[in-house]
Peer 1: 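Mind having a look at this structure? Questions to follow.
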2 protein chains.
Amino acid sequence: MNDGLPPQMGQSLLFLTDEQLRKGIEAMFFAYRGFTADPDRILAQKSYGRAHHRAIHFIHRSPGTTVNNLLSILGVTKQSLNRVLRSLIEDGLVASTVGQRDKRERHLHLTAAGEALERELSDAQRDRMRAAYRAAGPAAVAGFRQVLEAMMDEETRHHYEAMKDKPE
Amino acid sequence: MNDGLPPQMGQSLLFLTDEQLRKGIEAMFFAYRGFTADPDRILAQKSYGRAHHRAIHFIHRSPGTTVNNLLSILGVTKQSLNRVLRSLIEDGLVASTVGQRDKRERHLHLTAAGEALERELSDAQRDRMRAAYRAAGPAAVAGFRQVLEAMMDEETRHHYEAMKDKPE
DNA sequence: ACAATACGTCAGCTTTGTTGACATTCCAAG
DNA sequence: CTTGGAATGTCAACAAAGCTGACGTATTGT
């Protein structure tokens with residue numbers, strides 16, 4: 001339990017040592033690779049990338065979302081998103097419809113084919129997540145989420161909270 | 001507490017619902033942005049990228065490591081790593097010395113300037129990590145680490161475990 | 001009428017990943 | 001001892017996906 005740390009250090013602060021923080025940083029780096037590995041394999045077969053996955057995920061989560069809204073969630077430029085979106089629309093995975101109230105807006109939806117790919121990707125990602133959750137147990141999962149939420153940028157956390165409690 | 005889930009579901013498995021898994025997936029995505037944001041800002045000023053940060057981090061952790069070893073830790077191709085390494089060597093942040101036993105190998109070390117940048121980057125990253133840890137508390141941090149470790153690939157976890165307990 | 005907004009696009013650049021080809025070095029089989 | 005294959009690392013060229021900047025168009029709202 002003792003990591004060779006100064007015994008005069010308050011016992012309750014041992015988890016804030018540089019050593020503990022470094023382990024957390026490396027865990028984050030290595031875990032993120034695992035987190036993306038399974039979807040990446042599926043995407044590579046279809047010559048898509050992670051950018052496509054992100055767009056598909058959030059269009060699925062917020063059907064009818066506008067380009068601008070997606071932009072601020074993903075935190076990329078419109079030129080960058082547009083490249084991805086264009087290929088998804090051309091391939092018939094995403095439908096873009098002109099807004100009724102405001103005709104400048106485009107509302108984005110997944111087509112049946114888009115939903116199918118979304119399910120394939122999220123199934124793969126959830127499988128790994130489920131295995132990790134099951135191995136770690138409910139208390140660990142609660143801590144996991146707490147730390148991740150505390151790690152987000154202020155603005156990012158707003159996006160996260162906003163879609164946190166949407167019904168499936 | 002009840003998320004609108006079927007009441008006949010075992011109480012202990014509520015954390016494994018698709019809904020909970022999706023929240024974890026999104027938390028992971030958003031948190032990783034925060035995780036890299038501070039170092040990214042520093043790196044941009046010096047016209048380096050995340051790849052440079054990763055190389056610097058692991059050379060700092062394992063001084064004298066070979067290119068091949070670094071390769072398997074980072075999980076990229078040697079050509080990709082080489083480009084990054086070359087610029088770091090040209091800029092005098094990394095020293096590459098021919099192996100004594102095996103002259104094919106190059107042993108990598110950080111120079112004084114390299115150590116200085118490493119410290120600047122890891123200080124920035126640790127600050128955010130520390131704030132998150134402090135906000136979440138020691139129990140949450142333990143759970144955080146447990147879930148991340150369970151999320152890694154088998155081979156990746158070996159790399160993680162191997163450098164987990166090295167002295168600073 | 002006019003400024004602001006939402007979206008799309010063109011051009012060009014950077015980072016960071018990829019494959020392919022190649023030089024050097026080591027080691028082991030013949 | 002030589003020689004051929006494996007291992008290590010480098011150079012070249014290409015692709016994905018991010019970026020900035022400029023511009024066009026349609027629509028909205030003042």
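Naming convention: chains lettered A, B, ... in sequence-line order (proteins, then strands); numbering from 1 in each chain. Scope of the values below: all heavy atoms of this structure, side chains included, with no hydrogens, waters or symmetry mates.
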Peer 1: Are the side chains of B:Leu85 and B:Leu93 in touch, meaning some heavy atoms are under 4.5 Å apart?
Peer 2: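 The answer is no; the side chains never approach within 4.5 Å.
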
Peer 1: When we call it a touch if two heavy atoms are under 4.0 Å apart, what does B:Arg83 touch: a base, just sugar-phosphate, or nothing?
Peer 2: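 If one applies the 4.0 Å heavy-atom cut-off, B:Arg83 turns out to touch a base.
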
Peer 1: Which residue is it: A:Leu70, A:Thr66, A:Asn69? I am looking for the one with a side chain to side chain contact (heavy atoms under 4.5 Å, CB included) to A:Leu108.
Peer 2: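 Exactly one pass, corresponding to A:Leu70.
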
Peer 1: Specify the separation, in whole Å, of atom CG of B:Leu85 and atom P of D:dT8.
Peer 2: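 After rounding, the reported distance stands at 15 Å.
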
Peer 1: To the nearest angstrom, how far is B:Ile56 atom CD1 from C:dT16 atom C1'?
Peer 2: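 Rounded to whole Å, this separation is 15 Å.
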
Peer 1: CD1/A:Ile73 to CZ/A:Arg61 distance, rounded to the nearest 0.5 angstrom?
Peer 2: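 CZ of A:Arg61 is found 10.0 Å from CD1 of A:Ile73.
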
Peer 1: Check whether A:Gln125 reaches the backbone of A:Phe35 with its side chain - one donor and one acceptor, N or O, closer than 3.5 Å.
Peer 2: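 Yes.
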
Peer 1: Could you tell me whether the side chain of A:Val94 reaches within less than 4.5 Å of the side chain of A:His109, counting heavy atoms only?
Peer 2: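 Contact flag for A:His109/A:Val94 side chains = no.
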
Peer 1: List, with names and distances, any nitrogen or oxygen atoms from the protein found under 3.5 Å away from nitrogen or oxygen atoms belonging to nucleotides 20-22 of chain D.
Peer 2:
from: D:dG21; atom 1: N7; to: A:Gln79; atom 2: NE2; distance (Å): 3.4
from: D:dG21; atom 1: O6; to: A:Gln79; atom 2: NE2; distance (Å): 2.8

Peer 1: Can you tell which of C:dT18, C:dA6, C:dG8 lies closest to the side chain of A:Arg106?
Peer 2: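 Within the option list, the nearest is C:dG8.
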
Peer 1: Can you list the residues that meet the ring-ring contact (aromatic ring centres under 6.0 Å, His included) rule with A:Phe30, with sequence neighbours excluded?
Peer 2: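 Expected list: B:Phe58.
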
Peer 1: Remember a base hit wins even if backbone is also touched, and classify A:Gly75 as base, sugar-phosphate or nothing at under 4.0 Å, heavy atoms.
Peer 2: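 A:Gly75: backbone/sugar contact only, no base atoms under 4.0 Å.
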
Peer 1: Could you state the atom-to-atom distance from CG of B:Leu43 to C1' of D:dC19 in whole Å?
Peer 2: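 The distance from CG of B:Leu43 to C1' of D:dC19 comes to 16 Å, rounded to the nearest Å.
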
Peer 1: What is the separation between atom CD on A:Glu105 and atom P on D:dT28, rounded to the nearest whole Å?
Peer 2: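 Going from CD in A:Glu105 over to P in D:dT28 covers 9 Å.
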
Peer 1: Output yes when at least one side-chain N/O atom of B:His52 is less than 4.0 Å from OP1 or OP2 of C:dT16, else no.
Peer 2: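 Looking at the OP1 and OP2 atoms of C:dT16, one of them is under 4.0 Å from a side-chain N or O of B:His52.
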
Peer 1: Find out whether B:Leu88 and B:Tyr48 are in side-chain contact, i.e. whether some heavy atom of one side chain is under 4.5 Å from a heavy atom of the other.
Peer 2: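 Counting from C-beta outward, B:Leu88 and B:Tyr48 do come under 4.5 Å.
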
Peer 1: Taking CG from B:Leu81 and P from C:dG17, how many angstroms apart are they, rounded to a whole number?
Peer 2: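 Interatomic distance, CG of B:Leu81 to P of C:dG17: 9 Å.
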
Peer 1: Give the rounded distance in Å between these two atoms: CG of A:Leu88 and P of D:dA16.
Peer 2: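 One finds 14 Å between P of D:dA16 and CG of A:Leu88, rounded.
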
Peer 1: NE2 of B:His53 versus P of C:dT16: gap in Å, rounded?
Peer 2: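 Answer to the nearest Å: 12 Å.
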
Peer 1: At under 4.0 Å, does any side-chain N or O of A:Asn68 touch on OP1 or OP2 of C:dC7?
Peer 2: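 Checking C:dC7 against A:Asn68, a side-chain N or O does come within under 4.0 Å of OP1 or OP2.
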
Peer 1: Just the rounded figure in Å: distance from P of C:dT15 to NZ of B:Lys46.
Peer 2: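 It is 15 Å, rounded to the nearest whole Å.
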
Peer 1: Can you say whether the rings of A:His57 and A:His53 are parallel (under 30°), tilted (30 to 60°) or perpendicular (over 60°)?
Peer 2: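 Aromatic pair A:His57/A:His53 classed perpendicular.
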
Peer 1: State which of C:dC10, C:dG8, D:dG18 makes the closest approach to the side chain of A:Arg86.
Peer 2: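 Of C:dC10, C:dG8, D:dG18, C:dC10 is nearest to the side chain of A:Arg86.
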
Peer 1: For a quick test of reading the model: is some side-chain N or O of B:Asn82 closer than 4.0 Å to OP1 or OP2 of D:dG9?
Peer 2: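 No.
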
Peer 1: I'd like a list of close polar pairs between nucleotides 26-28 of chain C and the protein, N/O only, cut-off under 3.5 Å.
Peer 2:
from: C:dC26; atom 1: OP1; to: B:Lys103; atom 2: N; distance (Å): 2.7

Peer 1: Applying the salt bridge (charged side-chain N to carboxylate O under 4.0 Å, His left out) test to A:Asp40, which of A:Lys46, A:Arg33, A:Arg50, A:Arg128 qualifies?
Peer 2: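 Only one option passes, and that is A:Arg50.
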
Peer 1: Ignoring hydrogens and geometry, is there a side-chain-to-backbone donor-acceptor pair from A:Ser122 to A:Glu118 under 3.5 Å?
Peer 2: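 Answer holds: yes.
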
Peer 1: Just to be sure I understand the rule, does A:His107 reach a base, reach only the sugar-phosphate, or reach nothing, if contact means heavy atoms closer than 4.0 Å?
Peer 2: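 No contact at all - A:His107 keeps every heavy atom at 4.0 Å or more from the nucleic acid.
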
